[in-house]
Amino acid sequence: MKRIKRTLSALLVAALAMGTLTACGETTYSAASDFFYSADKGHSYGDGTKEYEIGDTVYMKVKFKVTSNKSKTSQVKVVLTIPSIDNVDAKYMDGQIITPNFDAVNNVTTYEFTANASETAADQECVIQFVPNAVGEVPMTLVFDDNVDASYDKQSTLIFVEKKEDKAEEEE
């Protein structure tokens with residue numbers, strides 16, 4: 001009997017160490033997200049350049065996906081927060097307009113999304129258009145609700161700089 005208990009205890013410890021046991025069918029979530037930028041009217045996007053001149057139109061594509069260990073789809077709230085701006089043009093990739101919430105007290109604009117989480121979840125994305133009118137940094141955050149661990153939240157910072165003089169003007 002002692003030997004059986006020891007063997008069961010050893011198996012239980014090994015299973016816990018490998019993470020194979022979950023609490024009573026508990027749903028677990030993971031997320032992937034990223035920010036991409038375009039200065040050519042959305043024809044191409046990259047994740048490198050994050051510094052743009054005042055007056056130039058900048059497009060930001062936000063992609064995210066939430067997966068779970070269940071085949072049944074559940075919904076997870078995702079909030080994009082952009083400080084120090086008023087309303088900007090934001091659309092889903094299909095052209096549908098995204099209505100923002102502006103918090104004048106905290107000077108932030110938020111966009112709320114609902115991610116459909118499942119084992120086979122698809123990427124979701126939206127595009128936001130900026131036309132910066134002042135020098136500064138804009139740290140944006142993408143935060144998933146309490147179902148998803150905070151380590152999956154993402155931040156990206158855009159930097160707006162003074163417009164550089166044209167070379168023709170410099171030669172005069």
Side-chain angles (χ1 to χ4, degrees), residues 27-104 106-167:
T27 303
T28 58
Y29 296 91
S30 62
S33 62
D34 218 338
F35 292 83
F36 300 94
Y37 302 97
S38 172
D40 63 359
K41 299 181 181 174
H43 295 290
S44 63
Y45 285 89
D47 59 359
T49 304
K50 296 179 184 174
E51 186 174 289
Y52 298 93
E53 294 179 357
I54 294 171
D56 289 348
T57 301
V58 179
Y59 293 87
M60 176 179 72
K61 183 186 293 186
V62 180
K63 292 178 90 170
F64 58 91
K65 175 168 74 171
V66 180
T67 56
S68 71
N69 61 341
K70 303 288 183 185
S71 58
K72 182 179 178 190
T73 301
S74 58
Q75 295 186 329
V76 172
K77 183 177 168 185
V78 183
V79 177
L80 173 65
T81 302
I82 306 174
S84 305
I85 66 162
D86 294 324
N87 189 359
V88 295
D89 186 21
K91 297 179 181 176
Y92 290 105
M93 290 307 291
D94 64 3
Q96 180 183 352
I97 294 174
I98 304 168
T99 305
N101 298 310
F102 182 69
D103 179 348
N106 295 314
N107 196 22
V108 296
T109 300
T110 58
Y111 296 87
E112 294 184 9
F113 308 99
T114 301
N116 294 316
S118 69
E119 290 176 319
T120 58
D123 282 340
Q124 293 179 253
E125 55 188 46
C126 69
V127 172
I128 296 179
Q129 176 184 344
F130 296 91
V131 180
N133 60 5
V135 170
E137 292 186 9
V138 180
M140 294 158 291
T141 55
L142 189 67
V143 177
F144 299 91
D145 71 16
D146 292 341
N147 291 313
V148 180
D149 189 80
S151 65
Y152 291 105
D153 296 347
K154 189 124 183 160
Q155 181 172 343
S156 183
T157 302
L158 277 176
I159 301 168
F160 301 130
V161 297
E162 288 288 340
K163 194 158 196 74
K164 295 180 180 112
E165 305 248 350
D166 289 337
K167 288 184 180 183

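- Closest non-hydrogen pair, Ala134 versus Phe160, comes out as O-CB, 3.5 Å.
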Applying side chain to side chain contact (heavy atoms under 4.5 Å, CB included) to Tyr111 and Ile128, what does each step give before you reach the verdict? CA-CA 10 Å; Tyr111 296 87; Ile128 296 179; 4.2 Å; yes
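- Here Ser30 contributes atom OG and Lys65 contributes atom NZ; the two are 8.5 Å apart, rounded to the nearest 0.5 Å.
- Within the structure, every pair that satisfies the salt bridge (Lys or Arg N to Asp or Glu O under 4.0 Å) test and touches residues 142-156, not counting sequence neighbours, is listed here: Asp34-Lys154.
- No donor-acceptor pair under 3.5 Å is formed between the side chain of Thr57 and the backbone N or O of Val131.
- Distance CD/Glu137 to CG/Leu158: 10.0 Å, rounded to 0.5 Å.
- Heavy atoms only, all atoms of each residue included: Lys50 and Tyr37 are closest at CG-CE1, 3.8 Å.
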Evaluate side chain to side chain contact (heavy atoms under 4.5 Å, CB included) for Val138 paired with Ile82, printing each intermediate quantity in order. CA-CA 7 Å; Val138 180; Ile82 306 174; 3.6 Å; yes
Could you go through the side chain to side chain contact (heavy atoms under 4.5 Å, CB included) check for Val79 and Phe113 one step at a time? CA-CA 6 Å; Val79 177; Phe113 308 99; over 6 Å; no
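- Note that the CG atom of Asp56 and the CG atom of Asp40 stand 11.5 Å from one another [nearest 0.5 Å].
- When Thr141, Leu142, Thr109, Thr110 are each tested for a side chain to side chain contact (heavy atoms under 4.5 Å, CB included) with Leu80, only one passes: Leu142.
- Within the model, atoms OH of Tyr52 and OG of Ser38 stand 7.0 Å from one another, a figure rounded to the nearest 0.5 Å.
- Not counting sequence neighbours, the partners of Gln75 by the side-chain contact (heavy atoms from CB on, under 4.5 Å) test are Thr114, Asn116.
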Would you please test Val76 and Phe64 for side chain to side chain contact (heavy atoms under 4.5 Å, CB included) and show each step? CA-CA 11 Å; Val76 172; Phe64 58 91; over 6 Å; no
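- Taking all atoms of both residues into account, the shortest heavy-atom contact from Ser118 to Thr73 is CB-OG1, 3.8 Å.
- Closest approach of Phe144 to Tyr152, counting heavy atoms only: CE1-O, 3.4 Å.
- For Glu53 against Lys164, the heavy-atom pair with the smallest separation is OE2-CG, 3.3 Å.
- With values rounded to the nearest 0.5 angstrom, Ser74 atom OG is found 7.0 Å from Asn147 atom CG.
- Shown here for Lys63 and Phe36, the closest heavy-atom pair between the two residues is CD-CE1, 3.6 Å.
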